[in-house]
Student: 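Once you've had a glance at the structure underneath, I'll fire off some questions.
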Amino acid sequence: MTPPRRVSRRQFGIRGLQLLGVSLLTGCDALSQSSWFAGLLERAEGLTRAVQKAITPRLALAREFAEADRSRVFPGNGTVDPSEPDYQALTGTGFSAYRLEIGGLVERPASFSLAELRSLPSRTQITRHDCVEGWSAIAKWKGVRLAALLERVGVKPGARYVVVHCFDALREGGEKYYESLDLGDALHEQTILAYDMNDHALPVTNGAPLRLRVERQLGYKAAKYVRRVELVERFDTIGQGKGGYWEDRGYEWWAGI
Ligand SMILES: Nc1nc2c(c(=O)[nH]1)N[C@H]1C(S)=C(S)[C@@H](COP(=O)(O)O)O[C@H]1N2
Ligand SMILES: [Mo]
């Protein structure tokens, strides 16, 4: 028999996700009254910072643009053609054998083909990508909401961060690219794993077949060539412990724009 406490916690989590979805449409008030969300933000940030201070900026949408604002050229940056053999094997078949894996602190570890990902709740948005190197570009992105995926697999109560692992290393044989978000950003309405860019399948240059879009942070958070998503309580044992490839090399973990 399942202990009653576990059942209620789990139901709480599912209800919380539904609540979040509804509240994003109805505004901040209902959400700020949700102790589940308040608790989530505190856990996600590991801070006792006043919730009212945390909530507004965390829920705000990044600016969205019109079709006509899209950049004629959207550069590729960092890795633009992963040389890793397991990635090359996938490009050879048009990514038909690709599966996104989701594991770690989830109730139901799973993997998803691109067709399955395309059948889940999606979002389309035209946003501006800002790279720390000093360039910006606007594109239209369509992808599965990370919140929808997390709802599918069920987030365990101890989970605090979503880590995204990629196929590529920037130097041959070097550390693989990775990034991490707290649950507040992972569940944000505009946080998607994008499979389309400007109405076409994402090109290899920009992260095929799947890349993260996290629109209120700098470009290096937007991990390309996503292979695996892992829910963790802490990330200090991953990579060099700072939560991302560039964070391990001195960039900020919270890269708000
Ligand atoms: N896997 C992976 N993701 C990555 C990078 C990378 O080198 N590898 N570079 C990052 C940086 S610094 C930027 S600015 C953007 C570039 O995305 P783009 O190639 O679509 O312009 O991807 C980010 N995500
Ligand atoms: Mo960047």
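We count ligands from 1, going down the list as the structure has it; atoms in each ligand are counted the same way.
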Student: If you count every heavy atom of other residues, nucleotides or ligands that lies below 6.0 Å from Glu252 atom CD, does the total exceed 12?
Tutor: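 No - once you tally the heavy atoms of other residues, nucleotides and ligands closer than 6.0 Å, there are 12 at most.
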Student: Restricting to pairs with a member in residues 97-121, which pass ring-ring contact (aromatic ring centres under 6.0 Å, His included), not counting sequence neighbours?
Tutor: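 Of all non-adjacent pairs touching residues 97-121, none passes ring-ring contact (aromatic ring centres under 6.0 Å, His included).
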Student: Considering residues at least two apart in sequence or located in another chain, which fulfil the side-chain contact (heavy atoms from CB on, under 4.5 Å) criterion with Leu170?
Tutor: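 With sequence neighbours excluded, Leu170 shows a side-chain contact (heavy atoms from CB on, under 4.5 Å) to Thr79, Tyr177, Tyr245, Trp246, given in chain and number order.
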Student: Please collect all side chain to side chain donor-acceptor pair (under 3.5 Å) contacts where either partner lies in residues 199-212, sequence neighbours excluded, each pair once.
Tutor: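 Pairs touching residues 199-212 that pass the test: Lys140-Asp199.
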Student: Who are the residue neighbours of ligand 1 when the rule is a heavy atom under 4.0 Å from any of its atoms?
Tutor: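 Heavy-atom contacts below 4.0 Å: Phe74, Pro75, Gly76, Asn77, Gly78, Thr79, His129, Cys131, Trp135, Cys166, Asp168, Leu170, Tyr177, Thr205, Asn206, Arg211, Gly219, Tyr220, Ala222, Ala223, Lys224, Tyr225.
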Student: For atom CZ of Arg234, is the number of surrounding heavy atoms from other residues, nucleotides or ligands below 6.0 Å larger than 12?
Tutor: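 No, CZ of Arg234 has 12 or fewer neighbouring heavy atoms, counting only those of other groups under 6.0 Å.
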Student: For Trp141, run the side chain to side chain contact (heavy atoms under 4.5 Å, CB included) check against Gln190, Glu215, Arg123 and tell me which one passes.
Tutor: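 Checked Gln190, Glu215, Arg123 against Trp141; only one passes side chain to side chain contact (heavy atoms under 4.5 Å, CB included): Glu215.
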